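Quick notes on the structure that follows.
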Amino acid sequence: MIQVSRLPNGLRVVTDTMKEVETVSLGVWCGVGSRLETPDISGISHLLEHMAFKGTTRRTPLQIAEEVENVGGYMNAYTSEEKTAYYVKMLKQDALLGLDIVADILQNSTMDAQELAKEKSVVLQEIGRAYDSPDDIIFDYFGTVAYPDQAVGRPVLGSKETVSAISSEQLREYMHREYTADRLVLSAAGNVSHEFMVEKAEKMFSKLRTEGGDNIQKAVYHGGEFMEVRPIEQVNLLLGMDGVSLHHPLYMSQKILATILGGGMSSRLFQEIREKRGMVYSIFAYARAFQDAGNFMVYAGTGEEEAHELLYVLADELVKAQDGFSKEEIERAQNQLKAQLLMKLESTSARCERNAKQVLDKNKVSSVEESVAEINAVTNDSLQEVLGILLKSEPTLIGVGPVEKMPHVEQIRERLSPGV
C-alpha cells in the first residue's frame, strides 16, 4: 500500500509497504540537479553528491561505509539535470540505521577541505573517463549544441576547470540554499510502516530549511551540429530533435514512438539498419523529458564508410514513419513498456525510486492501473502528432570519431523535410 504525507517543514514522505519481503529500500530524492547551477559552479550538484559521503559531524567517511556494510546493506547516489538521490537498501530490522545515515549526510556533512581535494581528483577522473567514452560524451555534446549557454545543456559532471575551483564553503552554501524540505522527498519501499517513517523523519530531518527559491532557467532548444574527429575505429553519431516535456499530453506517445523506432531487436531501425543492411553494431532511439522540455534521439555506432548512408537511411525511416504504424507495432511497444513497469514493481529499490520521482514530478503517485491506462491510450494518431512535432524542429547532429565523410546537419534537415 502506498501512502504519502507532508511533514510540517514541507518534507514529503512516501512509503510502499510490502510485508512479504525482508528488506527496505529508502532514500531521499532531491529536486536539485545541474539545472540549478550557474556557469562558474557547473558540476557542483554532482560534486556535492560525492562529498555527502565524505564525513559528517557524527561520522567519518569510513564509519559511514562500515555502518552500512556491517549489516549487509548497500548505499549509493546519483545526480541528473533535475534530481539528486541518496539511497540505501537494508534488511527490515536495520531500516532505522539507514534512515539515520541518510539524514546525517544530508544535514551534517562537513565538506572537509582535505576530503574535498581527494574527491575532486576522483571526479576529475570520472570526467576523463566520460571523455574517453565516445558513446557517453556524445550525449554531453548534444546538450551543449541543443541548449547552448544554458544549465540544462551543460554536462552534469561539470568541467575540469569548474570542479577544480569549487570550495568547501561553496558546497556548504549550495547545500544549505538548495536542499530545502519542500524540494525533498523521503521514499521507502519494503517491510516498513508509513507511521514509522513519518514519526522518525519528523525528528531526523528537523534541521532542513523549509523553502527554497525557484531559480531554474527555462530550457530553449536550438539545434545544430558538432563534429569531433578522433583516431578511433567507430563513428559514434547522435541525431536528435526537440520533443515534448514530462507534463505534455504526448509524453507517453513520445516514449512509445522511441520504442517502436529503436527500442529493441524488433524495432524498425534495428531491423532496417542492422539486420537488413548490416550497417551498425548498435542503434537505439531514446526519449528523454524534463519539466519543461524534451528530446527524441537516435544513437548509432558505425564504420567510417557506412556513416554517410546510415544517416540518410535513418532520416528516411523517420519520414516513412509518417505513413503510420501497424496495430501490431503499437501493441508490441505498449507491451514492452507495461512489462518494464510491472517487472520493476518486483524490486523494492525500483518501487522506492518510482514513487519518489512521481511525488517530485507530480506531487502524487500514479497507480499501476493509471500508468497502464496511460500506455494503452497511445494511438496511431497521437504517435503521428508527436512525430510531426519532432520533424518540424531543427535537428541536432553530433559525431565523434572518423567523421570526415558524414553528411552535415543541413543535408539531414533537407532529407527530413522532403518536398518542403
Side-chain angles (χ1 to χ4, degrees), residues 23-30 32-34 37 41-80 83-91 93-130 156-160 162-180 184 186-188 200-201 203-209 349 352-353 356:
T23 62
V24 175
S25 294
L26 65 88
V28 169
W29 271 254
C30 316
V32 177
S34 58
E37 300 168 356
I41 56 169
S42 177
I44 195 171
S45 301
H46 175 254
L47 182 60
L48 174 55
E49 172 225 307
H50 278 243
M51 285 302 297
F53 295 92
K54 298 304 171 183
T56 70
T57 54
R58 295 171 50 203
R59 293 176 171 96
T60 66
L62 179 58
Q63 286 173 329
I64 293 171
E66 285 182 340
E67 287 189 35
V68 173
E69 295 180 1
N70 282 346
V71 295
Y74 169 80
M75 188 171 195
N76 211 336
Y78 66 80
T79 307
S80 67
K83 296 178 179 68
T84 307
Y86 305 84
Y87 53 94
V88 299
K89 184 168 185 175
M90 312 283 239
L91 296 177
Q93 61 267 27
D94 301 312
L96 184 59
L97 170 64
L99 183 62
D100 182 59
I101 291 174
V102 172
D104 189 22
I105 66 174
L106 290 179
Q107 296 172 104
N108 303 315
S109 290
T110 57
M111 307 298 167
D112 178 77
Q114 290 184 323
E115 291 293 339
L116 176 58
K118 290 185 289 185
E119 204 58 29
K120 280 183 181 180
S121 178
V122 172
V123 173
L124 293 180
Q125 292 175 50
E126 189 176 356
I127 293 172
R129 181 182 178 184
V156 172
L157 299 181
S159 68
K160 290 185 177 181
T162 57
V163 170
S164 297
I166 293 170
S167 68
S168 296
E169 184 59 31
Q170 284 177 306
L171 283 166
R172 283 190 286 266
E173 289 178 357
Y174 186 81
M175 191 174 204
H176 178 71
R177 182 176 70 248
E178 307 296 354
Y179 278 36
T180 52
L184 273 55
L186 170 62
S187 180
K200 300 303 180 184
K203 298 175 182 177
M204 291 183 175
F205 289 90
S206 59
K207 293 183 180 181
L208 294 173
R209 284 179 57 233
S349 298
C352 177
E353 181 175 33

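The structure displayed is predicted, hence computed values, not measured ones.
Ion pairing between Asp112 and Lys54 fails under the 4.0 Å rule for side-chain N and carboxylate O. Taking 4.0 Å as the cut-off between side-chain N and carboxylate O, Lys203 and Asp100 do not count as a salt-bridged pair.
Residues Ser45 and Tyr174 bring a donor and an acceptor atom of their side chains to less than 3.5 Å of each other. Under 3.5 Å, the side chains of Tyr74 and Asn76 contain a donor-acceptor pair of N or O atoms.
Shown here for Ala188 and Leu26, the closest heavy-atom pair between the two residues is CB-CB, 3.9 Å. Considering all non-hydrogen atoms of both residues, Cys352 and Ser187 come closest at O-OG, 2.8 Å. The minimum heavy-atom distance between Phe205 and Leu186, with the atom names listed, is CE1-CD2, 4.2 Å. Here the closest heavy-atom approach between residue Thr84 and residue Gly33 is recorded as OG1-CA, 4.3 Å.
The OG1 atom of Thr162 lies 12.0 Å from the NZ atom of Lys160; values are rounded to the nearest 0.5 Å. Interatomic distance, Thr23 OG1 to Lys89 NZ, rounded to the nearest 0.5 Å: 4.5 Å. Here the OH atom belonging to Tyr86 is positioned 6.0 Å from the CG atom belonging to Leu106, to the nearest 0.5 angstrom. Note that OG of Ser80 and CD of Glu49 are 10.0 Å apart. Values are rounded to the nearest 0.5 Å. Atom CD1 of Ile44 and atom OG1 of Thr79 lie 11.5 Å apart (nearest 0.5 Å). To the nearest 0.5 Å, the span separating CG on Leu171 from NE2 on His50 amounts to 12.0 Å.
Of the possible polar contacts, one joining the Gln107 side chain to the Met204 backbone as a donor-acceptor pair under 3.5 Å is found. The backbone N or O of Val123 sits nowhere less than 3.5 Å from a side-chain atom of Glu126 that would complete a donor-acceptor pair. Looking only at distances, a side-chain donor or acceptor of Ser25 sits under 3.5 Å from a matching main-chain atom of Ser349. Using a distance-only test at 3.5 Å, with no hydrogens or angles considered, a donor-acceptor pair links the side chain of Lys120 to the main chain of Ile166.
Looking at Ile105 and Phe53, their side chains come closer than 4.5 Å, going by heavy atoms from C-beta outward. In this structure, Ile101 and Ile64 have side chains that are in contact, with non-hydrogen atoms separated by less than 4.5 Å. With contacts defined as side-chain heavy-atom distances shorter than 4.5 Å, the pair Leu48/Tyr179 qualifies. At a threshold of 4.5 Å between non-hydrogen side-chain atoms, the residues Thr110 and Thr57 count as touching. Looking at Met90 and Val71, their side chains come closer than 4.5 Å, going by heavy atoms from C-beta outward.
Every residue two or more places apart in sequence or in another chain was checked for a salt bridge (Lys or Arg N to Asp or Glu O under 4.0 Å) with Lys200, and none qualifies.
Other residues, nucleotides and ligands contribute at most 12 non-hydrogen atoms within 6.0 Å of the CZ atom of Arg129.
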Under the side-chain contact (heavy atoms from CB on, under 4.5 Å) criterion, do Leu116 and Leu47 qualify, and how do the steps go?
CA-CA 9 Å; Leu116 176 58; Leu47 182 60; 3.9 Å; yes

Take Glu353 and Trp29, measure what side-chain contact (heavy atoms from CB on, under 4.5 Å) needs, and give me the verdict at the end.
CA-CA 8 Å; Glu353 181 175 33; Trp29 271 254; 3.7 Å; yes

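Of the residues listed (Met51, Met111, Arg177), the one engaging Arg172 in a side chain to side chain contact (heavy atoms under 4.5 Å, CB included) is Met111, and it is the only one. A side chain to side chain contact (heavy atoms under 4.5 Å, CB included) with Glu173 is found for one member of Met175, His176, Glu169 and no other, namely Glu169.
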